[in-house]
Amino acid sequence: RTPLNSIIGFSQLLEKQEIKDLSDKQKEMITYIKNGGKHLLEMVNDILDLSKIEAGKIQIDFKPFDFGKMLKRAPNIIKALAYEKKIEIDLNIPDDLGWINGDETRLKQVMFNLLSNAVKFTDQRKRIGLEAESGEDNFKITVWDQGIGISKKDQEKIFDPFEQVDKGDGLNIGGTGLGLSISKKLIELHQGTLTVSSKKNEGSRFTILL
Ligand code: ADP
(Lines give C-alpha, C1' and ligand atoms only; values in the text may rest on other atoms or scores of the structure.)
Protein backbone atom coordinates (compact mmCIF):
# COMPACT_ATOMS: atom_id res chain seq x y z
CA ARG A 1 0.00 0.00 0.00
CA THR A 2 2.96 2.34 0.57
CA PRO A 3 3.38 3.43 -3.09
CA LEU A 4 -0.29 4.33 -3.24
CA ASN A 5 0.01 6.45 -0.12
CA SER A 6 2.52 8.69 -1.89
CA ILE A 7 0.33 8.98 -4.99
CA ILE A 8 -2.73 9.91 -2.91
CA GLY A 9 -0.83 11.99 -0.35
CA PHE A 10 1.11 14.13 -2.82
CA SER A 11 -1.85 14.70 -5.13
CA GLN A 12 -3.83 15.86 -2.08
CA LEU A 13 -1.02 18.22 -1.15
CA LEU A 14 -0.93 19.65 -4.69
CA GLU A 15 -4.71 20.05 -4.67
CA LYS A 16 -4.67 21.95 -1.38
CA GLN A 17 -1.70 24.20 -2.06
CA GLU A 18 -3.54 25.94 -4.91
CA ILE A 19 -0.30 26.64 -6.72
CA LYS A 20 -0.78 29.77 -8.84
CA ASP A 21 0.98 28.38 -11.87
CA LEU A 22 -1.40 25.45 -12.26
CA SER A 23 -4.11 25.82 -14.87
CA ASP A 24 -7.68 24.63 -14.22
CA LYS A 25 -7.04 21.72 -16.55
CA GLN A 26 -3.98 20.68 -14.54
CA LYS A 27 -5.93 20.93 -11.28
CA GLU A 28 -8.62 18.75 -12.77
CA MET A 29 -5.96 16.20 -13.71
CA ILE A 30 -4.61 16.18 -10.14
CA THR A 31 -8.11 15.35 -8.91
CA TYR A 32 -8.22 12.43 -11.37
CA ILE A 33 -4.89 11.15 -10.03
CA LYS A 34 -6.14 11.41 -6.44
CA ASN A 35 -9.48 9.70 -7.14
CA GLY A 36 -7.81 6.98 -9.21
CA GLY A 37 -5.33 6.39 -6.38
CA LYS A 38 -8.14 6.10 -3.82
CA HIS A 39 -10.04 3.66 -5.99
CA LEU A 40 -6.93 1.56 -6.52
CA LEU A 41 -6.28 1.55 -2.75
CA GLU A 42 -9.79 0.16 -2.15
CA MET A 43 -9.16 -2.56 -4.71
CA VAL A 44 -5.77 -3.46 -3.22
CA ASN A 45 -7.33 -3.59 0.26
CA ASP A 46 -10.06 -5.95 -0.97
CA ILE A 47 -7.62 -8.22 -2.78
CA LEU A 48 -5.31 -8.35 0.27
CA ASP A 49 -8.26 -9.13 2.56
CA LEU A 50 -9.49 -11.95 0.36
CA SER A 51 -6.00 -13.47 -0.03
CA LYS A 52 -5.46 -13.31 3.73
CA ILE A 53 -8.80 -15.00 4.38
CA GLU A 54 -8.09 -17.70 1.80
CA ALA A 55 -4.62 -18.32 3.25
CA GLY A 56 -6.18 -18.65 6.73
CA LYS A 57 -3.99 -15.73 7.86
CA ILE A 58 -6.71 -13.33 8.95
CA GLN A 59 -6.83 -12.38 12.62
CA ILE A 60 -10.32 -12.18 14.11
CA ASP A 61 -10.02 -10.16 17.28
CA PHE A 62 -12.92 -11.34 19.48
CA LYS A 63 -13.88 -8.78 22.14
CA PRO A 64 -17.27 -7.96 23.70
CA PHE A 65 -18.85 -4.69 22.48
CA ASP A 66 -22.25 -2.96 22.44
CA PHE A 67 -23.70 -4.24 19.15
CA GLY A 68 -26.70 -1.88 19.06
CA LYS A 69 -24.48 1.17 19.50
CA MET A 70 -22.20 0.07 16.66
CA LEU A 71 -25.14 -0.68 14.31
CA LYS A 72 -26.76 2.70 15.00
CA ARG A 73 -23.56 4.44 13.97
CA ALA A 74 -22.88 2.21 10.95
CA PRO A 75 -24.99 4.20 8.44
CA ASN A 76 -23.04 7.42 9.17
CA ILE A 77 -20.34 6.46 6.66
CA ILE A 78 -22.83 6.10 3.79
CA LYS A 79 -25.00 9.11 4.70
CA ALA A 80 -23.27 11.43 2.24
CA LEU A 81 -23.69 8.90 -0.61
CA ALA A 82 -27.37 8.41 0.27
CA TYR A 83 -27.94 12.17 0.53
CA GLU A 84 -26.51 12.71 -2.96
CA LYS A 85 -29.09 10.25 -4.35
CA LYS A 86 -31.87 11.54 -2.03
CA ILE A 87 -32.21 8.04 -0.60
CA GLU A 88 -33.83 7.79 2.86
CA ILE A 89 -32.35 5.41 5.44
CA ASP A 90 -34.79 3.65 7.83
CA LEU A 91 -33.24 2.45 11.07
CA ASN A 92 -34.93 -0.11 13.29
CA ILE A 93 -32.46 -1.03 16.02
CA PRO A 94 -33.57 -1.48 19.65
CA ASP A 95 -31.54 0.51 22.21
CA ASP A 96 -31.05 -2.59 24.33
CA LEU A 97 -30.06 -4.92 21.48
CA GLY A 98 -27.23 -6.25 23.61
CA TRP A 99 -23.52 -7.00 23.56
CA ILE A 100 -21.74 -9.40 21.26
CA ASN A 101 -18.35 -11.09 21.39
CA GLY A 102 -16.86 -10.29 17.99
CA ASP A 103 -14.39 -8.29 15.94
CA GLU A 104 -15.92 -4.81 15.84
CA THR A 105 -13.72 -3.52 13.00
CA ARG A 106 -14.45 -6.53 10.78
CA LEU A 107 -18.20 -6.43 11.52
CA LYS A 108 -18.19 -2.69 10.68
CA GLN A 109 -16.50 -3.55 7.40
CA VAL A 110 -19.36 -5.99 6.60
CA MET A 111 -22.01 -3.38 7.47
CA PHE A 112 -20.25 -0.81 5.29
CA ASN A 113 -20.17 -3.21 2.35
CA LEU A 114 -23.88 -4.13 2.63
CA LEU A 115 -25.03 -0.54 3.21
CA SER A 116 -22.92 0.91 0.41
CA ASN A 117 -24.21 -1.78 -1.98
CA ALA A 118 -27.77 -0.88 -0.92
CA VAL A 119 -27.16 2.77 -1.87
CA LYS A 120 -25.20 1.89 -5.02
CA PHE A 121 -27.89 -0.39 -6.46
CA THR A 122 -30.92 1.73 -5.52
CA ASP A 123 -32.36 4.53 -7.66
CA GLN A 124 -32.76 8.10 -6.48
CA ARG A 125 -35.52 8.96 -3.97
CA LYS A 126 -36.09 5.35 -2.86
CA ARG A 127 -35.45 3.85 0.58
CA ILE A 128 -32.95 1.54 2.18
CA GLY A 129 -32.97 0.26 5.75
CA LEU A 130 -31.15 -1.47 8.57
CA GLU A 131 -33.00 -3.71 11.05
CA ALA A 132 -31.73 -5.62 14.05
CA GLU A 133 -33.33 -7.97 16.56
CA SER A 134 -31.97 -10.29 19.21
CA GLY A 135 -33.34 -13.80 19.70
CA GLU A 136 -32.67 -16.19 22.56
CA ASP A 137 -29.15 -17.01 21.43
CA ASN A 138 -28.63 -15.03 18.25
CA PHE A 139 -28.75 -11.66 16.52
CA LYS A 140 -30.52 -11.10 13.23
CA ILE A 141 -29.40 -8.10 11.18
CA THR A 142 -31.02 -7.17 7.87
CA VAL A 143 -29.95 -4.59 5.31
CA TRP A 144 -32.75 -4.02 2.80
CA ASP A 145 -33.23 -1.79 -0.21
CA GLN A 146 -35.84 -0.88 -2.82
CA GLY A 147 -33.22 -1.16 -5.54
CA ILE A 148 -32.72 -3.05 -8.78
CA GLY A 149 -32.90 -6.50 -7.16
CA ILE A 150 -31.05 -9.69 -8.14
CA SER A 151 -32.45 -12.62 -10.14
CA LYS A 152 -32.50 -16.13 -8.59
CA LYS A 153 -29.73 -17.25 -10.95
CA ASP A 154 -27.48 -14.30 -10.04
CA GLN A 155 -28.11 -14.74 -6.30
CA GLU A 156 -26.09 -17.97 -6.49
CA LYS A 157 -23.07 -16.12 -7.92
CA ILE A 158 -22.80 -12.82 -6.06
CA PHE A 159 -20.97 -14.29 -3.04
CA ASP A 160 -18.23 -15.66 -5.30
CA PRO A 161 -15.08 -13.53 -5.75
CA PHE A 162 -15.01 -11.09 -8.72
CA GLU A 163 -18.68 -11.68 -9.60
CA GLN A 164 -20.64 -8.62 -10.67
CA VAL A 165 -24.07 -8.97 -12.20
CA ASP A 166 -24.14 -7.86 -15.81
CA LYS A 167 -26.66 -5.04 -15.96
CA GLY A 168 -26.99 -5.51 -19.71
CA ASP A 169 -26.57 -1.78 -20.34
CA GLY A 170 -22.79 -1.78 -20.50
CA LEU A 171 -22.60 0.44 -17.43
CA ASN A 172 -20.03 -0.33 -14.78
CA ILE A 173 -21.05 1.03 -11.38
CA GLY A 174 -17.53 0.41 -10.06
CA GLY A 175 -16.28 -1.86 -7.30
CA THR A 176 -14.32 -5.08 -7.52
CA GLY A 177 -16.95 -7.75 -6.98
CA LEU A 178 -15.09 -8.81 -3.84
CA GLY A 179 -17.09 -7.10 -1.07
CA LEU A 180 -19.77 -9.77 -0.65
CA SER A 181 -17.38 -12.71 -0.71
CA ILE A 182 -15.19 -11.02 1.93
CA SER A 183 -18.28 -10.16 4.02
CA LYS A 184 -19.63 -13.72 3.86
CA LYS A 185 -16.28 -15.15 4.94
CA LEU A 186 -15.90 -12.64 7.79
CA ILE A 187 -19.37 -13.57 9.08
CA GLU A 188 -18.55 -17.28 8.79
CA LEU A 189 -15.38 -16.67 10.83
CA HIS A 190 -17.82 -15.43 13.52
CA GLN A 191 -19.78 -18.72 13.17
CA GLY A 192 -22.61 -16.82 11.47
CA THR A 193 -24.37 -16.81 8.09
CA LEU A 194 -24.98 -14.17 5.43
CA THR A 195 -27.82 -14.81 2.96
CA VAL A 196 -29.83 -12.88 0.39
CA SER A 197 -33.44 -12.82 -0.70
CA SER A 198 -34.37 -10.62 -3.61
CA LYS A 199 -36.68 -10.08 -6.56
CA LYS A 200 -35.61 -8.40 -9.76
CA ASN A 201 -36.72 -4.73 -9.83
CA GLU A 202 -38.23 -4.93 -6.35
CA GLY A 203 -35.23 -4.76 -4.04
CA SER A 204 -33.04 -7.00 -1.91
CA ARG A 205 -32.66 -8.12 1.70
CA PHE A 206 -29.27 -9.26 3.01
CA THR A 207 -29.60 -11.08 6.34
CA ILE A 208 -26.86 -11.83 8.86
CA LEU A 209 -27.44 -14.39 11.62
CA LEU A 210 -24.85 -14.32 14.39
P1 ADP B 1 -19.08 -4.82 -5.83
O2 ADP B 1 -20.12 -4.05 -5.07
O3 ADP B 1 -17.69 -4.33 -5.63
O4 ADP B 1 -19.42 -5.05 -7.26
P5 ADP B 1 -19.90 -7.06 -4.18
O6 ADP B 1 -19.22 -8.37 -3.95
O7 ADP B 1 -20.19 -6.22 -2.98
O8 ADP B 1 -19.00 -6.29 -5.20
O9 ADP B 1 -21.24 -7.34 -4.98
C10 ADP B 1 -21.23 -8.24 -6.09
C11 ADP B 1 -22.37 -7.96 -7.03
O12 ADP B 1 -23.62 -8.30 -6.40
C13 ADP B 1 -22.54 -6.49 -7.40
O14 ADP B 1 -21.68 -6.10 -8.45
C15 ADP B 1 -24.01 -6.45 -7.83
O16 ADP B 1 -24.14 -6.95 -9.14
C17 ADP B 1 -24.65 -7.44 -6.86
N18 ADP B 1 -25.25 -6.75 -5.67
C19 ADP B 1 -24.70 -6.62 -4.45
N20 ADP B 1 -25.52 -5.97 -3.60
C21 ADP B 1 -26.63 -5.66 -4.31
C22 ADP B 1 -27.86 -4.98 -4.02
N23 ADP B 1 -28.11 -4.48 -2.79
N24 ADP B 1 -28.78 -4.86 -5.01
C25 ADP B 1 -28.54 -5.37 -6.24
N26 ADP B 1 -27.40 -6.01 -6.59
C27 ADP B 1 -26.45 -6.16 -5.65
Side-chain angles (χ1 to χ4, degrees), residues 1 4 35-54 58 71 74-92 105-132 140-190 192-209:
R1 274 171 280 221
L4 277 170
N35 291 342
K38 282 189 171 167
H39 189 194
L40 192 53
L41 182 61
E42 279 170 26
M43 291 162 80
V44 169
N45 280 337
D46 275 356
I47 292 168
L48 283 176
D49 267 351
L50 192 72
S51 334
K52 268 197 209 156
I53 292 172
E54 289 188 337
I58 196 142
L71 288 173
N76 288 346
I77 19 179
I78 54 128
K79 260 193 186 145
L81 286 175
Y83 183 79
E84 263 174 40
K85 290 178 82 176
K86 301 190 173 58
I87 289 174
E88 300 256 357
I89 310 171
D90 289 343
L91 284 191
N92 194 349
T105 308
R106 292 301 184 179
L107 292 176
K108 264 188 204 154
Q109 179 180 351
V110 173
M111 295 316 301
F112 173 68
N113 175 240
L114 297 181
L115 288 165
S116 56
N117 277 349
V119 176
K120 198 156 76 171
F121 298 106
T122 298
D123 288 335
Q124 297 218 357
R125 289 172 224 279
K126 300 238 165 143
R127 308 185 85 85
I128 66 164
L130 172 57
E131 288 165 8
K140 184 176 169 189
I141 318 298
T142 304
V143 176
W144 59 264
D145 64 64
Q146 299 179 328
I148 59 172
I150 309 157
S151 70
K152 263 263 152 334
K153 195 174 118 257
D154 288 329
Q155 286 173 36
E156 289 164 22
K157 297 194 296 194
I158 53 170
F159 293 103
D160 294 338
F162 302 108
E163 285 290 350
Q164 295 182 300
V165 178
D166 180 12
K167 313 240 159 17
D169 52 10
L171 288 177
N172 184 357
I173 300 195
T176 53
L178 290 175
L180 282 178
S181 52
I182 294 170
S183 295
K184 190 172 163 77
K185 291 201 165 110
L186 288 175
I187 294 297
E188 285 168 358
L189 288 167
H190 283 81
T193 55
L194 169 61
T195 52
V196 63
S197 74
S198 178
K199 243 187 174 166
K200 199 101 190 106
N201 302 319
E202 284 182 24
S204 310
R205 294 179 74 84
F206 285 85
T207 301
I208 298 170
L209 273 179

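Whatever order the structure lists ligands and atoms in, that order sets their numbers, starting from 1. In this text the structure is predicted, and so the values were computed from the model without any measurement.
For atom 23 (N) of ligand 1, the choice among Val143, Ile158, Asp145 with the nearest heavy atom turns out to be Asp145. Of the options Lys120, Gln164, Glu42, the smallest heavy-atom separation from atom 14 (O) of ligand 1 is shown by Gln164. For the residues Thr122, Leu180, Ile128, the heavy atom positioned nearest atom 5 (P) of ligand 1 is part of Leu180.
With hydrogens and angles ignored, the 3.5 Å screen pairs no side-chain donor or acceptor of Gln155 with any backbone N or O of Ser197. Between the side chain of Glu131 and the main chain of Thr142, no donor-acceptor pair closer than 3.5 Å is present. A distance-only check finds no donor-acceptor pair linking the side chain of Asp145 to the backbone of Gly203 [under 3.5 Å].
Counting non-hydrogen atoms of other residues, nucleotides and ligands closer than 6.0 Å to CD of Glu188 gives a total above 12. Annotation for Lys140: atom NZ does not count as buried by contact number, only 12 or fewer foreign heavy atoms lying within 6.0 Å.
On a distance-only criterion, Ile150 and ligand 1 share no N/O pair closer than 3.5 Å. Backbone and side-chain nitrogen or oxygen atoms of Thr176 are examined, and one is located within less than 3.5 angstrom of a nitrogen or oxygen of ligand 1. Considering backbone and side-chain atoms alike, Phe121 places every N or O at 3.5 Å or more from each N or O of ligand 1.
Close approach of ligand 1 to Leu178 (heavy-atom distance below 4.0 Å) involves ligand atoms 6 (O), 8 (O). Interface atoms of ligand 1 facing Ser204, defined by a heavy-atom separation under 4.0 Å, are 24 (N). Proximity to Gly177 (heavy-atom distance under 4.0 Å) selects the following atoms of ligand 1: 1 (P), 3 (O), 4 (O), 6 (O), 8 (O).
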Would you mind writing out the side-chain donor-acceptor pairs for residues 41-54 within the sub-3.5 Å range, not counting sequence neighbours?
| unit_1 | atom_1 | unit_2 | atom_2 | d |
| --- | --- | --- | --- | --- |
| Asn45 | OD1 | Arg1 | NH1 | 2.6 |
| Asn45 | ND2 | Leu41 | O | 3.4 |
| Asp46 | OD2 | Thr176 | OG1 | 3.1 |
| Asp49 | OD1 | Arg106 | NH1 | 3.4 |
| Asp49 | OD2 | Arg106 | NH1 | 3.4 |
| Asp49 | OD2 | Gln109 | NE2 | 2.8 |
| Ser51 | OG | Ile47 | O | 2.5 |

_Between Lys108 and Thr105, is the side-chain contact (heavy atoms from CB on, under 4.5 Å) condition met? List the steps._
CA-CA 5 Å; Lys108 264 188 204 154; Thr105 308; 5.7 Å; no

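The CZ atom of Phe206 lies 13.0 Å from the CD1 atom of Ile187; values are rounded to the nearest 0.5 Å.
Counting heavy atoms closer than 4.0 Å to ligand 1, residue Phe206 contributes side-chain atoms (C-beta onward) but none from N, CA, C or O. Residue contacts with ligand 1, taken as heavy atom pairs separated by less than 4.0 Å, do not involve Asp154 at all.
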